Number of protein chains: 2
Amino acid sequence: MFTTSTTSDQFAVSRSAPLASTGARQTKLWSSLSEVCQLMQVPVSHADDTVRFQHVQFRAGQRIYTIGQPFDMLYVVYSGFLKTVAIDESGNELVLGFPMKGDMFGIDGIHGKAYTSEVVALSTCDVILIPFKTLLTIGKASPDVEQAMWGAMGRELIREQRMISSIGSLGAEARVARFLMSLSDRFAEIGFSSKQFNLRMTRQEIGSYLGLTLETVSRTLSAFNALGLISVEQKTVTIHEPDSLKTLRRLPPSKHAARSAAKLAA
Amino acid sequence: MFTTSTTSDQFAVSRSAPLASTGARQTKLWSSLSEVCQLMQVPVSHADDTVRFQHVQFRAGQRIYTIGQPFDMLYVVYSGFLKTVAIDESGNELVLGFPMKGDMFGIDGIHGKAYTSEVVALSTCDVILIPFKTLLTIGKASPDVEQAMWGAMGRELIREQRMISSIGSLGAEARVARFLMSLSDRFAEIGFSSKQFNLRMTRQEIGSYLGLTLETVSRTLSAFNALGLISVEQKTVTIHEPDSLKTLRRLPPSKHAARSAAKLAA
DNA sequence: CGGGTCCTTGACAGATTTCAAGACGTGTGG
DNA sequence: CCACACGTCTTGAAATCTGTCAAGGACCCG
């Protein structure tokens with residue numbers, strides 16, 4: 001009744017997470033600490049592998065957690081694609097990110113004992129459950145793990161800073177271009193093609209994420225296509241000139257905002 | 001040669017951090033752990049007060065740290081006002097925040113061993129130096145402190161998520177209105193008037209922070225003034241209708257973006 | 001009092017959103 | 001198997017907002 005694997009239409013270069021293609025869904029049910037660390041690409045020496053973390057599967061559209069739900073878990077994506085969204089006071093969805101393999105989410109719940117966002121699966125997903133208390137305990141014994149935790153948190157913080165910068169200072173074209181290159185890089189990291197891939201999210205979701213309307217996203221994509229920078233057909237994207245996309249910058253805001261620095265030094 | 005206190009023109013309601021008005025700058029030089037926690041408004045039971053943290057003073061324009069500088073310290077504002085800025089690849093300044101009393105900064109350095117932003121004093125400031133290693137050590141012994149650290153980190157994360165939402169989905173008027181109310185609330189928290197206060201930053205800095213130009217900020221402020229919502233004269237702002245400002249919402253983006261949720265439930 | 005920075009205001013251009021209509025794709029039910 | 005319904009994507013035209021450029025005034029400091 002359901003597809004064997006929602007990632008099957010992704011243009012895979014190598015498959016590190018083979019899913020059984022034989023009838024029933026036969027996926028990995030537990031991961032050790034070192035496996036999780038490897039997935040997240042954090043270096044950890046001699047991890048205590050007596051601890052094992054449970055996996056849980058979700059299908060497209062299902063919610064991993066909702067806003068206001070008591071916080072007790074962190075999550076790491078083992079496979080699949082998701083989106084994290086906030087709901088503003090008007091009830092509008094605001095997409096905050098698109099977690100994929102190796103990404104951790106749920107971090108926003110650490111403060112205040114409850115999640116402030118919700119996470120929805122965009123495809124069939126396999127996520128690893130990591131009880132926060134357990135992680136804290138492990139951290140006490142292993143400085144490596146503790147450091148990794150702080151690092152993960154810090155990375156997220158920096159990623160958000162970059163988003164703020166982008167949305168605040170770049171035009172629509174540059175934002176979409178960066179979004180594409182960001183996806184490209186992430187796909188490359190997890191073993192997919194960086195040149196050709198499927199968008200798992202709608203134009204509306206991309207627009208929400210970038211602070212644009214779906215029409216603007218669509219138009220920009222069409223423009224890139226016309227310029228030969230990419231090829232787009234529905235959800236399938238092929239990158240032709242990554243360098244141009246990376247460089248692309250049209251600046252609606254400050255142009256003469258030269259460094260006002262160098263006034264007083266400490 | 002320098003002003004006795006740059007906060008002296010703030011419309012104070014209560015003064016919890018008295019500065020000596022007698023000639024030479026006679027400020028607090030050390031704070032205990034519990035004092036720092038109190039400043040940050042984090043509840044901590046029986047803190048180890050044998051540890052003391054050094055204070056350092058800065059004058060307007062001085063940099064607390066710069067981008068790329070090796071990370072080893074976190075900072076808590078004891079008094080004064082600052083701004084944290086990132087520099088994008090074009091060399092433009094991008095204001096990320098305006099730390100004030102009780103705020104912690106330097107968190108962005110935890111990941112990657114180096115700061116990714118710089119922090120500049122907007123007025124005479126007194127900041128507390130908190131060696132990260134020391135904090136980690138204390139955290140191991142005191143779950144309270146450790147929890148507080150995670151909480152501080154998480155709070156910052158959520159704050160940035162809010163910023164992304166605002167910049168991405170609100171028009172200029174709403175952004176400025178929220179900015180004013182945010183300042184108002186923070187001033188109230190640290191014992192200043194929430195109705196009348198001085199902007200410590202320039203329109204340019206506000207604009208950079210909100211993803212707008214200084215002209216738009218100026219115009220919007222003037223418009224609010226004309227509507228009677230506030231009074232502005234240069235740096236002095238008086239809030240007249242906080243409720244209107246909080247509610248104000250002009251939506252350039254999605255209007256018909258009704259909840260597309262409620263499709264599949266977990 | 002002069003220089004410099006910051007703020008305000010106006011006119012204009014340009015980008016993005018809004019509104020609207022139609023094509024494309026997929027899934028469901030007959 | 002096909003038709004229909006729905007959600008998604010594309011494209012066009014007009015309206016609006018915000019940025020850009022420019023000039024003048026206010027304020028601070030030396």
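Note that the structure is predicted; figures quoted are calculated from it, not measured. By convention in this document, chain letters (A, B, ...) are assigned in the order of the sequence lines, proteins followed by strands, and residues within each chain are numbered from 1.
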**Asked** Is the number of heavy atoms from other residues, nucleotides or ligands under 6.0 Å of A:Arg186 CZ greater than 12?
**Response** yes

**Prompt:** Would the number of heavy atoms belonging to other residues, nucleotides or ligands and lying under 6.0 Å from CD of B:Glu89 be above 12?
**Reply:** yes

**Request:** Please confirm whether A:Phe192 and A:Phe197 have ring centers closer than 6.0 angstrom.
**Result:** no

**Request:** Answer with base, sugar-phosphate or nothing: what part of the nucleic acid does A:Gly207 contact at a heavy-atom distance below 4.0 Å?
**Result:** nothing

**Asked** Side-chain donor or acceptor of B:Glu215 under 3.5 Å from a matching atom on the base of D:dC21?
**Response** yes

**Prompt:** Regarding A:Ser165 and B:Asp88, is there a side-chain donor-to-acceptor distance under 3.5 Å anywhere?
**Reply:** no

**Message:** A:Val120: which residues meet the side-chain contact (heavy atoms from CB on, under 4.5 Å) condition with it, sequence neighbours left out?
**Reply:** A:Arg63, A:Lys83

Give the rounded distance in Å between these two atoms: [atom1] of [X] and [atom2] of [N].
| X | N | atom1 | atom2 | result |
| --- | --- | --- | --- | --- |
| A:Leu214 | D:dT10 | CG | P | 10 Å |
| B:Leu170 | D:dC17 | CG | P | 15 Å |
| B:Glu205 | C:dC6 | CD | C1' | 11 Å |
| A:Gln234 | D:dG7 | CD | P | 16 Å |
| B:Arg203 | C:dT9 | CZ | C1' | 13 Å |
| B:Asn198 | C:dC7 | CG | C1' | 15 Å |
| B:Leu122 | C:dC6 | CG | P | 12 Å |
| A:Ile167 | D:dT18 | CD1 | C1' | 17 Å |

**Asked** With sequence neighbours excluded, what pairs up with B:Phe224 under the ring-ring contact (aromatic ring centres under 6.0 Å, His included) test?
**Response** none

**Message:** Counting only side-chain nitrogens and oxygens, does B:Lys235 get under 4.0 Å of the OP1 or OP2 atom of C:dC7?
**Reply:** yes

**Item:** Members of residues 218-232 of chain A that approach DNA chain D, where some heavy atom sits under 4.0 Å away
**Value:** A:Ser218, A:Arg219, A:Ser222

**Request:** Give the ring-plane orientation class for B:Tyr65 versus B:Phe105, where under 30° counts as parallel, over 60° as perpendicular and anything between as tilted.
**Result:** tilted

**Message:** Go nucleotide by nucleotide along DNA chain C from the 5' end; which of A:Thr216 and B:Met201 gets its closest nucleotide reached first?
**Reply:** B:Met201

**Item:** B:Glu233, nearest nucleotide to its side chain (from D:dC27, C:dC7, D:dT20)
**Value:** D:dC27

